[in-house]
Amino acid sequence: MTARIGVVTFPGTLDDRDTQRAVRLAGAEAVPLWHRDKDLKQVDAVVLPGGFSYGDYLRAGAISRFSPLMETVIDQAKAGLPVLGICNGFQVLTESHLLPGAMLRNNHLHFICRDQKLRVESDRTAWTADYTAGQEISIPLKNIDGRYVADERTLDMLEAEGRVAFRYLARGEAADGYGNPNGSLRDIAGITNEAGNVVGLMPHPEHAVEPGIGTGRTDGLGFFTSILKKLVNV
Amino acid sequence: MLHSSGERPPYPRNLDTVKHATETPDVEQPWSELGLKQDEYERIREILGRRPTGAELAMYSVMWSEHCSYKSSKVHLKQFGEKAPENDAMLVGIGENAGVVDVGQGYAVTFKVESHNHPSYIEPYQGAATGVGGIVRDILAMGARPVAVMDPLRFGAADHPDTKRVLPGVVAGIGGYGNCLGLPNIGGEVVFDDCYQGNPLVNALCVGVMKHEDIHLAKASGTGNKVILYGARTGGDGIGGVSVLASETFESTGPAKRPAVQVGDPFQEKLLIECTLEIFKENLVAGIQDLGGAGLSCATSELASAGSGGMRVELDTVPLRDATLSPEEILMSESQERMCAIVEPDKVDRFLEICEKWDVIATVIGEVTEGDRLEIFWHGEQIVDVPPRSVAHEGPTYHRPYERPSWQDALQADDANKLPRPASGAELKEQVLKLVASPNQASKSWITDQYDRFVQGNTVLAQPEDSGMIRIDADTNLGVAVATDGNGRYAKLDPYAGAQLALAEAYRNVATTGAKPLAVSDCLNFGSPEDPAVMWQFAEATRGLADACQTLGTPVTGGNVSLYNQTGETAIHPTPVVAVLGVIDDVTRRTPVAFKEEGQLLYLLGDTKEEFGGSAWSQVIHGHLGGLPPAVDLERERLLAEILISASRDGMIDAAHDLSDGGLIQAVVESCLRGGTGARLVVPDGLDAFTFLFSESAGRAVVAVPRSEELRFTDMCGARGLPVTRIGVVDGAESDSNAVVDVQGEFVLSLAELRTAHEETIPALLV
Amino acid sequence: MARVVVDVMLKPEILDPQGQAVQRALPRLGFEGISDVRQGKRFELEVDGPLDEAALARIHEMAETFLANTVIEDFVVKVEEAEAVKVES
Amino acid sequence: MARVVVDVMLKPEILDPQGQAVQRALPRLGFEGISDVRQGKRFELEVDGPLDEAALARIHEMAETFLANTVIEDFVVKVEEAEAVKVES
Ligand SMILES: Nc1ncnc2c1ncn2[C@@H]1O[C@H](COP(=O)(O)OP(=O)(O)O)[C@@H](O)[C@H]1O
Ligand SMILES: [Mg+2]
């Protein structure tokens, strides 16, 4: 028996099919979940994929956060269900207050698509155990509302509790994938909740899982193998 | 003015029914304001045997506009069919929403390029956004899942203040719409030239994939079948936009008369895509048509015209955003994100259910009838009763006069080969730096980084590669590649050759990445057809393109014509933009542009002659346009393509880049920058350094060959008769800070210097 | 220093996908009885110097040529004073 | 039917690159003397039924939970009446 990982589709979700592919490539079963359902179909973990749910109208993630499915996800996440929010999914998680802070328009005001260098800061979350803290990876980044902000107290708390999961690597030129791409405070690319089951990040691990496709790298596969191992070992 | 916001149409507000029209033959009608000519109006009266109602007049006027009827261009476009090469891969040809090509393994691919030039000048963001939206619906209507977009763009001078307004808006609009739909942008063009000042060209291409059995056509058949309108509500968007935007120059359209602009809703379109694909999957439609220019007028008349029966529509059932719209306005509205489907009665419930699932509004607005009339009713009263073919497919045809302009000879006599050339290595070096930093040759990543190229997880190659490539089957690695090209400078010098060079370049770009070219789509951007000189350019370009397609065996599957791209008397350069689609059996064998491995050998394929007419060098260094464009040799292009494809399939080359504007040095610099490596070049015997570096002779490419493959590769070229010249070696890595481009005996440029020159130009101009 | 507010809204006949999305979401959140929502932009400008006729005329021109695209948008320039029926901040 | 306006602005301590970009562009366009620009959102809501205390309270709640994200934004609810010092539309 392998793990069942739910992949949510909101209206306007774009990366649901790609995420399902990544889940399968890691060896788990991908279970499509629909925003109108309340039922999680007994999945062992949930991914909120990227895209422009509800067109990102109002604020990215703001409308999806009120879907029937999210009510269940919010309850279960608080009870320990592993949840990964990628890009728009991360925005849904902050709008749901499962993760602190908020996402704003990039400081340069443009959509940006590039192969982004990151440092994995925490390997203690459900989704990062296959990496080692300090490891540098490169996965696609593509968004216009990717600037992470929170008040100083929250930022201090995240750092003190080791809850910054990923940082943009600040070395070198911005053009080659280094550097903070959007003005996110303290170079934060992704964070986790206290328990480590809920993780959100702006870059897209599901687009770096097959050699020769996209960036050609497979640095993102670790997210999906991490959760699979955790679930199967339980 | 009908379309200025807030005002009402200039004809009576009380309903102009068919009955009323019959009874009042002498009512004055605003045919001229609607863009119709006197004889066209007379013909409508003749067809109907009475005066048209207001609604009928609205329909004929939009459908007989240049944009919808191709009245000036169709006598020339005919050649694409007449000269179409035998090609077993063609599944659906010209005439449908887009052509469809068999790519093997049961897959079919559809692609098409379209223009949204004028709207993008008025409102760059929305104009460009709705351009993407429109072409995506065309592809969707064929039954395909859209899988990628491309955007060939042309603007005025890079440093002109209006370019700062137009370009960022256009790019944001294309990105804003395409990114939100989840369509990877895999290529395009950005060209700057004074001639596009006031007439930017915003062309958009979409590629879609389906199984053979999923191909759908735009026709309404089966008496009793329901007509369902679904998607966005209908509002007052772009009413009259079709006839006015596409058939008049801007000179006459001051701000006060500005037509309404359509606003795109990419979120709605994304829902429309998913909803439509689910409907296709359950086999629920008998015919389908997107709503684009001319809105419901177009969709209903085309569906009815192509089908076997007639159609009856209850126009008052159309869901409205603005309850005050008149029936004429509803028929002409260009509200975006709408589709029209023909559905068998017992499938209607399921159809509506799927729409409800995706939050898409769907309404039965009519049905297919016996007979052959298109009848439209408004609250029970008949306002349209026409033969649909007369609206959709039998519009006027013009044989516009055309004549080679008097200035053409002088232009061609102004030979670029006589321009002063660099006299020393130092001067060559300076000109190389200038060239790679010039706006047309500079890196476009400031623009293309605003486009998502990874979404859908199937992108194999995207900009700045020679062609975009998408995997279409993850199990077999089957893929398709597409490139778009056009060179208005070449076409200005010789429109016949210019169109062929555009095709040759796109064909070469596809082959350079390892894919076999299969089919063509084109967007023909020209000035006013009422100018015999422009019409000559158009006639020459279409003839050139049709002839070349025949020789290369790549049929034109569809495309678009955009005329009236001119300011006052001055037309843009004739700009045929050509897209070539190719297929590759195994995407893991694709050939990228980047020189990656130090020590690999660089070979130049093809012949280099002294050809500088229309070249980037003549433009950048001398601000010159004159002479003749490079010679076209289509047999050579075909041979070059075969070699590049074989070499990729058999693993003989690791990188390849086609040579086009900017010549060899531009290509080598791009490949070095992409791979982070340097190169040492030797000027081959029989060539001077200047010609070697800057000539734009067609039919050439540069390849990087691993030493272990050298013999096999050169033997293959020799055996097949393709000139192959060793020109240097990949040497030095940027990461070790020792990468240079060294043209031995002439100059050395560090990669860092080249990178700065190449990459800083566009941001500096636009930020 | 004075504060001038420029409100920019899409013209009534122009599609407002954002407002529409908000309106459609409201019933699901339990808010009934809102029959239409339009979403626009609000610019708050801090103006140096006196806010005389000339200054207001300049701001009006700025709004017309830059802050709003009058092809699709309307705008209103207001001098911020004691707020209207302000319910809360 | 009544119109209620909800203005949503980024909190003062949050970087507003959109406002900044506008402000930086102004001198280039020949508009001097604007020392700060903030860009926010304006929602115009058409409310069915009477605009009583209860209705306003509901709209306030809607603004707080939905129209604004109070982690980063402040909001003001106003009943639209005769406009303030309206200069032009
Ligand atoms: N507007 C654009 N959108 C997407 N890609 C673009 C655009 N403009 C240029 N590109 C990409 O940049 C690369 C270089 O463009 P260009 O020099 O015109 O290519 P080529 O000379 O090979 O036809 C190509 O990959 C092209 O697809
Ligand atoms: Mg090329």
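Residue numbers begin at 1 in each chain, while the letters A, B, ... track the order of the sequences.
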Most heavy-atom pairs under 4.5 angstrom with chain A, which of B:Lys357, B:Lys270, B:Gln268, B:Glu269?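 Heavy-atom pairs under 4.5 Å are most numerous for B:Lys357.
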How many angstroms lie between [atom1] in [X] and [atom2] in [Y], if you round to the nearest 0.5 Å?
X: A:Asn143; Y: B:Asp452; atom1: CG; atom2: CG; value: 10.0 Å
X: B:Asn458; Y: A:Arg17; atom1: CG; atom2: CZ; value: 8.0 Å
X: B:Trp446; Y: A:His108; atom1: CH2; atom2: NE2; value: 11.0 Å

Is the distance between the ring centroids of B:Phe267 and A:Tyr54 under 6.0 Å? yes
If the contact rule is any heavy atom under 4.5 Å from chain A, which residues of residues 176-183 of chain B qualify, in numerical order? B:Asn179, B:Cys180, B:Leu181, B:Gly182
Residues B:Gln456, A:Asp15; criterion side-chain contact (heavy atoms from CB on, under 4.5 Å); working and verdict: CA-CA 7 Å; B:Gln456 294 200 4; A:Asp15 301 324; over 6 Å; no
When you measure from the side chain of A:Asp18 to the backbone of B:Gly457, do you find a donor-acceptor pair of N or O atoms at a distance under 3.5 Å? yes
Looking only at atom types and distance, does a side-chain atom of B:Arg453 sit under 3.5 Å from a main-chain N or O of A:Gly214, one as donor and one as acceptor? no
May I ask you to say whether A:Arg36 pairs ionically with B:Glu356, meaning some side-chain N is under 4.0 Å from a carboxylate O? yes
Answer whether the closest heavy-atom distance between the side chains of [X] and [Y] falls below 4.5 Å.
X: B:Glu274; Y: A:Thr13; value: no
X: B:Val171; Y: A:His110; value: no
X: B:Tyr451; Y: A:Cys113; value: no
X: A:Lys142; Y: B:Val455; value: yes

Heavy atoms from other residues, nucleotides or ligands near CG of B:Asp473 exceed 12 (cutoff 6.0 Å): yes
Atom NZ of B:Lys596: over 12 foreign heavy atoms under 6.0 Å: no
Under 4.5 Å from any heavy atom of chain B, what part of A:Glu210 do you find: side chain, backbone, both or neither?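 Answer is side chain: those atoms of A:Glu210 sit under 4.5 Å from chain B.
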With a 4.5 angstrom heavy-atom cut-off, could you sort out which part of B:Asn477 is near chain A: side chain, backbone, both or neither?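 Looking at B:Asn477, nothing touches chain A.
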